[in-house]
Amino acid sequence: MSDNAMNETPKTRRDFLFAAASAVGVAGAAVAVWPFVDSLNPAADTRALSTIEVDLSPIAAGQAITVKWRGKPVFIRHRTGQEIEAAREVKVDDLRDPQPDAERVQKPEWLIMVGVCTHLGCVPLGQKAGDPHGDFGGWFCPCHGSHYDTSGRVRKGPAPKNLAVPQYTFLSDTQIRIG
Amino acid sequence: MTAPGRLNRAIDWFDQRLPLISLMKHSAIEYPTPKNLNYWWNFGSLAGFMLVVMIVTGLFLAMQYTPNVNMAFDSVERIMRDVNYGWLIRYLHMNGASMFFVVVYIHVFRGLYYGSYKPPRELLWWIGLVILLLMMATAFMGYVLPWGQMSLWGATVITNLFSAIPVVGEHIVTLLWGGFSVDNPTLNRFFVLHFLLPFAIFGVVILHVWALHTVKSNNPLGIDVKGPQDVIPFHPYYTVKDLFGVGVFLIVYCVFVFWYPNYLGHPDNYIPANPMVTPPHIVPEWYFLPFYAILRAVPDKLMGVIAMFAAILVLFALPWLDTSKVRSGTFRPKFKIAFWLFVVDCFVLGYVGSQPAEGIWIVVGRIASVYYFLHLLVFLPLLSKFEKTKPLPESIGKPILDPAPGGGAAAGAKALVVLFAVFAFAAATPALAAEGTTLRKQSWSWQGMFGTYDEAQLRRGYQVYREICSACHAMKLIHFRNVQAFGFSEDAVKELAASYTVTDGPDDNGDMFDRPALPSDRFPSPFPNENAAKAANGGALPPDLSLLTKAREGGADYVFSILTGFATQPPDVELPPGKFYNTAFAGHAISMPPQITDGAVEFADGTPNNADQIARDVSAFLQWAAEPELEERHAMGVKTVLFLFAATALMYALKRRIWAAVH
């Protein structure tokens, strides 16, 4: 056997085998990573707790309550006529995150939002009597000074977005389910 | 061509400042390895692979686990049931411990046979033994973490070993416990140490490899490397051979993980820890059995403990006990026989350790224990003095033409045989069914490689639980949402849950209130607490059924046998008041009255409702409750093993191709 005959066929075979074995090995390792990554995602018990029901009947106009949903505060505000009026009068185009008040509520008197500042995640003040409400009569985040109006829209400060509105449905006039 | 050039320059720049790359190149690529290593030499890299697997799976488990006596057991069950792929990660870890020990024990025996402890490898051998000791400590503390019955009582028994130390023993034990019994402080510190020690092992493994690369690998002939013609670079020859070994090993490992995940464990560890009741058979995990047998062979507390620890410590003295100049057992005909007798002795010790310490087993255990030390302390020194060894080959390069015994594929086959022997042996250990009971084995839909649950059967079984069992037995680990697994729609689950009332609160006024249950609620318990349950059942606590089939030897067959095992007592048997005669129950006197009778339940799907059918259906339901992940596990197992077969075959072909030049 000449040197050539000995070297050439095995070499191509080896290259092919090497490529195939490497590809299979790398693919296997990549797939094996997924269960570990996915184990860090919310578990079934966490996912199962993702809805809550809230009774609105005890909340008088002008009052607000805070409930816990998915580990975060949800602001539920029974707005007065004045507050609704103020929210509607704002020129939408001038807003940082343009959104008319009507898009943020299902019933104008009930404003329901996730009470987490869209800047870096602090809980804005404005829920309790005596809290500061910011320059626009809504909420004020003490961490970095973001101001939200009576529709929860950002008006001033570093926050980029309006306070988020979670998915919710009215089960009756005084009962909602969040999530 | 500029890109590789630039890359090379960047590598050089880095390497001149920190020679990490040349270190890797030196020790994992160029490392000159004897060309005649057989498959027994695969187990070192396999051990390294297992250490990484254990650390990775352990880290992800630690992110979900809670080291508190009130929460640990449930947090492990949450990993098994709710965490995405949690069952996979836990079973990989749990069976990984056994696989790690299989691999390391074979690695140790390989060293014993080929004289890998002899000069210049003494330090390498000692470092290896340190790793083994650290592994044992780590495995023991890991076994405590699930906080089942075996965890608690294993921890109690092992920590009590230290009480044998004169004068200070009791104080040491109290110090280990952090209290007056194995309790929360013990669990906390064991968790911390179980987390820490693997990294210590990792460090010592680096020393082990460093020492190896300083004195270089031993080889099946046990003779020194004479020159470059005797060695080949580690890469690609041994990297590809090790990868092939990993493939074969993974297949074995996966068979356990996906089909027999609890085969090597003990059912009792699925019963939450109870400091008031010791399980009838306390047996350590299989990898401790030989040492356990030595402990029990000595009828004196202190001497038993000393003998057990000495069984490992004596291995440190091997370089002085075996002074034969010939390393490899291949050229020592008498040593070879003694070696295999020693292996058999270790297996005998393991078997004795799994048996109750009574009758013949005490005698056998003592003989085997004496033989263990006799081999190491007497036979080895005598053999090295008087044995006539065979002539050694001149060089590694030469005898390649005349393959040494145990080389190549034959050795690989042998390795597999030993692996399976180990498993068969381990299989024999948990076979401690209660004497005089009958187990009526049934054929179940979930058995076999592709086994799945029968949804209709689960629905019927759930109906039986609801209408009969739930009057006394809780299932705290099962939530209403879980019944979606057998055909309940989301709305049906809501409706089902809402038909139950649960207590919630406190409300804004601080009062507890009743509300309809939600899918996320657990199955309500029939009694407000354990004492109430006992009081209502003549002092006997009806066990929680969530894990029953995993917590009893025999599983679903056992549950079925109990439910159908009620009989009129034989005339010569005296039953205590309030007990019932049952052929499947240990001791035959059970507190539960017979519940499953013909027609006890009316099935909507027209299935005949005789007692056997009802018992079978509820047993199947309990099997599902204990192993809700089973279907996913089987399906993933089939895919994984098929993939591994393909990948391993490919690796083998590549290995043959690469090695063609050497053979």
Side-chain angles (χ1 to χ4, degrees), chain A residues 1 3 5-59 63 65-70 76 171 175 177-179, chain B residues 53 56-57 59-61 63-64 74 77-90 92 236 240 243-244 246-247 250 477 479-482 484 493-494 507-508 515-516 518-522 628 632 636 639-640 643-644 646-658 660-661:
Chain A
M1 262 189 288
D3 250 34
M6 257 197 77
N7 283 340
E8 261 174 31
T9 28
K11 187 134 204 270
T12 41
R13 282 264 296 277
R14 176 167 156 181
D15 287 348
F16 169 74
L17 267 177
F18 182 75
S22 313
V24 169
V26 169
V31 173
V33 168
W34 173 244
F36 291 90
V37 174
D38 195 34
S39 79
L40 302 176
N41 272 320
D45 57 335
T46 311
R47 295 195 302 266
L49 292 174
S50 54
T51 65
I52 56 160
E53 288 178 19
V54 185
D55 179 16
L56 302 178
S57 55
I59 312 169
Q63 281 188 340
I65 63 161
T66 308
V67 294
K68 196 167 154 192
W69 174 65
R70 289 185 175 175
I76 301 175
L171 301 174
Q175 187 85 1
R177 182 200 294 135
I178 304 176
Chain B
V53 169
V56 171
T57 51
L59 279 177
F60 280 84
L61 288 176
M63 291 183 210
Q64 310 281 359
D74 285 356
E77 279 307 313
R78 178 178 170 274
I79 292 172
M80 292 299 294
R81 292 155 189 273
D82 288 338
V83 172
N84 308 318
Y85 298 107
W87 60 267
L88 173 66
I89 299 173
R90 172 161 182 255
L92 281 171
V240 74
L243 281 172
F244 166 62
V246 166
L250 276 177
L477 298 174
H479 301 78
F480 287 108
R481 62 184 157 87
N482 297 129
Q484 269 181 287
V493 172
K494 279 181 194 163
D507 63 11
D508 293 343
R515 61 162 174 80
L518 294 169
S520 56
D521 285 316
R522 294 164 186 276
E632 192 189 355
M636 192 191 279
K639 283 184 239 163
T640 308
F643 171 83
L644 284 173
T648 307
L650 212 53
M651 218 48 92
Y652 183 65
L654 182 64
K655 188 238 149 202
R656 300 246 321 190
R657 180 58 52 193
I658 288 175

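Chain letters run A, B, ... following the sequence lines, proteins first and then strands; every chain starts at 1. Values below: all heavy atoms of this structure, side chains included; hydrogens, waters and symmetry mates excluded.
Heavy atoms closer than 4.5 Å to chain B are found in the backbone of A:Pro42, but not in its side chain. Contacts of A:Ser22 with chain B are absent, with no heavy-atom separation under 4.5 Å from either backbone or side chain. At a 4.5 Å heavy-atom cutoff, B:Leu250 makes no contact with chain A through either its backbone or its side chain. Contact of B:Thr57 with chain A is made through backbone and side chain together, with heavy-atom distances under 4.5 Å.
Between B:Asp82 and B:Arg481 there is a salt bridge, with a side-chain nitrogen of the basic residue lying less than 4.0 Å from a carboxylate oxygen of the acidic one.
Within the 4.5 Å cutoff, the side chain of B:Leu92 has no heavy atoms near those of the B:Phe60 side chain.
Closest non-hydrogen pair, A:Leu40 versus B:Met63, comes out as CD2-SD, 3.4 Å. When all heavy atoms are compared, the tightest approach of B:Phe480 to B:Leu518 is CD1-O, 3.7 Å.
Within a 6.0 Å radius of CZ in B:Arg515, more than 12 heavy atoms belonging to other residues, nucleotides or ligands are found.
Ranked by non-hydrogen atom pairs under 4.5 Å with chain B, the options A:Asn41, A:Val31, A:Asp45, A:Leu49 are led by A:Asp45. Top candidate by heavy-atom pairs under 4.5 Å with chain A, chosen from B:His479, B:Met636, B:Arg78, is B:Arg78.
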